[in-house]
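The structure appears below as structure tokens.
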Amino acid sequence: MRQLFKFHGGVHPPTHKAESTRTPIAQAKMPSRLVIPLHQHVGNRAVPVVQVGERVLKGQIIGRPDGRLSSAVHASTSGTVSAIDMQLVAHFSGLPDLCITLIPDGRDEWIEHSGVDYKQTPHTELRHLLREAGVVGLGGAVFPSDLKSYSNKHKIKTLVLNGAECEPYITCDDLLMRERAGDTLRGAEVLRELLYAEEVLIGIEDNKPEAIAAMKKAVEQDGHQHMEVIAVPTLYPGGGAKQLIRVLTGIEVAAGVRSTEKGVQCFNVATAWSTWRAIAHGEPLLSRIVTVTGNVEHAQNFEVLLGTPVEELVAQAGSRPDTNRHIMGGPMMGVDLPSGQVGVTKATNCIIEGSDKLFPPPAPALPCIRCTRCADVCPADLQPQDLYWFAKSNNFGKTQEFHLFDCIECGACAYVCPSHIPLVQYYRYAKSEIWQREREAQSAEVARERHEYRQFRIEREKQEKAERLAQKEKAALAAKPAVPAPLPVAAAPNADPDDTLQMRVDADVAKANLQLRIDAAVARAKEQAATAKPRNTDALTPAQQAEIAEIEARRAKLREMASGAGADDEPPKHN
Amino acid sequence: MISALLVMIGISLLLGAVLGYSAIRFKVEGNPLVEKIDAVLPQTQCGQCGYPGCKPYAEAIAKGEADINKCPPGGEEGIHKLADLLGVEYKPFGEGAAPKAKAVAFIDEQTCIGCTLCLQACPVDAIVGAAKQMHTIIVSECTGCELCVAPCPVDCISMQPLGEDIGNWKWRYPTISIVPVAAR
């Protein structure tokens, strides 16, 4: 008998699992249309690769993974793409996201596909097959499985197969293990092979004896080595990855640490089953088992094509008329769907039909009396009453000091709160505010860098321009003959060649060049003026010539007087 | 008596030398407070504070020349952070300096004549374009400073508020909705 461990806290909400386990998994009817979101996984949204009006086959990729952290999206059946647009999706925000709407043609015609023998195939190729098949974690976290089935930094000793299914109402994993234990274990064997793990521990809560028996039987029948089915005590949230790892191995995965660093990796049982279908049969993830329960006539598990509108699904279980909401997931952590039109996604493990009778509206929240019942049940060993206090007063720094990000949002604290405070909502609010601030800080940093670079660039361009100009001037100067010596008439003090030379050695090259140019131009103009003779000086009479000579003499005298005054800095004297 | 004086003089000379040396050796270039203030500012480089960018405004605050409530993009929270950092009282925004919802510039590509004036105005190089070629905004880099709006000769730039989508959606502060009850 293996020794089991305990995690801190936990609660025992009424389970309501029996309602949906009475009948085997049924195939859901082909819906009238499929609304397939392109973002059904953690990471980047897939990029649509089909056109509106295009006919697609069952299993054909309609959304390519975008980047490393992303996954493929496929057509769940054959049909025609009728729209690629924003539609409501299963998200807390109730905001629309990009979806592909597919009208099934009813023929359910498969694309060509075939499996591989995983023992003969390189691991990289197996991981590529998982990525192309859109296999993601089906326990609800929807993390791409190809990325999880790889560890080069840490030696993985234990692969934990999660069949705990601790949330009330949900029975999809229970039924899967009862009916499809063989393929599930074969998938687990593939994952074990990919991780080079030494053992596979299959944790199943002890309120599922049929599933435990079926899995044990399959382990024996198929002769799986290193596999062990372990019944764990029923305690919410025992299905959380960290909690189940703690119970099975005693390893405490600390804050900010991945379980792989401790040599443990965790997969959901349904993920293992999908892995087997993808590897051995070449079937991408096109459907999943969904529990339809709550306010319905006959609660049951259905094998549902991804993208099936929730309304069409719940009608098959006989949704009662007083149903006023659809909850996706369990009552503890589930999402209230914004509409019955949203499509089933890879994360949809359960649809609970809600009514006021089944889930009476919560009583108004009363002040916190600091009874610390929440701290007693917190599976992450936090102080929820303090986190609440700081989140409520927008003191986000303090919430982080109190390890807000270790909170798994299981809702055990809110479940036991005698004041009915919606505690988890406060934590989610604080988390998203902190993320927002981080995003803003990052974009401010980018803006600062870009602004500084721009200023640097402008400065550099200015400098380059000045240098270019100087070089051009130099080249022009070298190409042209030396500036002719100015005429003696033009020998004003500021046009002196010595002065020009003086300026050429000046530090400011650009300025000097400019001066040089001006001087050269002035000299050229003067030269022209000197060489060009007045036009009316041909054929002059001696009288005219004498007159000119007299005027010239007078001018020369005046010039002499003027230059003498300029040199002596004294006013000319007139007698 | 003399020896005591000499000892005191000796000590003071020694300490003076140490202080003088460290003043040169460990000299801090620039004002470290400016960096801290600059880190609080939102780096939109919009100039709404009256200074040509966030850094000059940070320098002005550090010198005590500027008030801390001149940065609308930083919001109320920005003022609170600056007040905490500088140990001064919180000051509300003045008239007409209220923060606006985050928006990014949008160029109507049909109207754009490719004059490059907005390219020169953008403080973070978030506009792509060339002379006589259509320009466009890189949305992810736009800080929403509005500096490109005024220079456009054909008024083809407008500010588009950034809507909420699944990527930037935030959980709301938990509130209790009050349902009016009809009076009897």
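Given the structure is predicted, the values throughout are model-derived calculations rather than measurements. Lettering of chains follows the sequences in order, A, B, ..., and the numbering in each one begins at 1.
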Inspect the surroundings of CD in Q110(B) and state if more than 12 heavy atoms from other residues, nucleotides or ligands are less than 6.0 Å away. no
Taking a cut-off of under 4.5 angstrom between non-hydrogen atoms, the residues of residues 434-460 of chain A near chain B are Q436(A), R437(A), R439(A), A444(A), V446(A), A447(A), R448(A), R450(A), H451(A), R454(A), R457(A)
For atom CZ of R68(A), decide whether the heavy atoms of other residues, nucleotides or ligands shown that lie under 6.0 angstrom number more than 12. no
Give the member of E433(A), K392(A), R45(A), K431(A) that has the highest number of heavy-atom pairs under 4.5 Å with chain B. K392(A)
Is the ring pair F92(A)/W171(B) parallel, tilted or perpendicular, if the boundaries are 30 and 60 degrees? tilted
Against chain A, label C122(B) side chain, backbone, both or neither, depending on which of its atoms sit under 4.5 Å from a heavy atom there. backbone
Atom CZ of R373(A) with >12 non-hydrogen neighbours under 6.0 angstrom: no
Chain A heavy atoms under 4.5 Å from D165(B): which part of the residue, side chain, backbone, both or neither? backbone
W169(B), CH2 atom: more than 12 neighbouring heavy atoms under 6.0 Å: yes
Within a 6.0 Å radius of atom CD on E464(A), are there more than 12 heavy atoms belonging to other residues, nucleotides or ligands? yes
Counting C-beta onward and ignoring hydrogens, is there a side-chain heavy-atom pair between V89(A) and I166(B) closer than 4.5 Å? yes
Does any heavy atom of chain A fall under 4.5 Å from the side chain of P174(B), the backbone, both, or neither of them? both
Part of E164(B) lying under 4.5 Å from any heavy atom of chain A: both
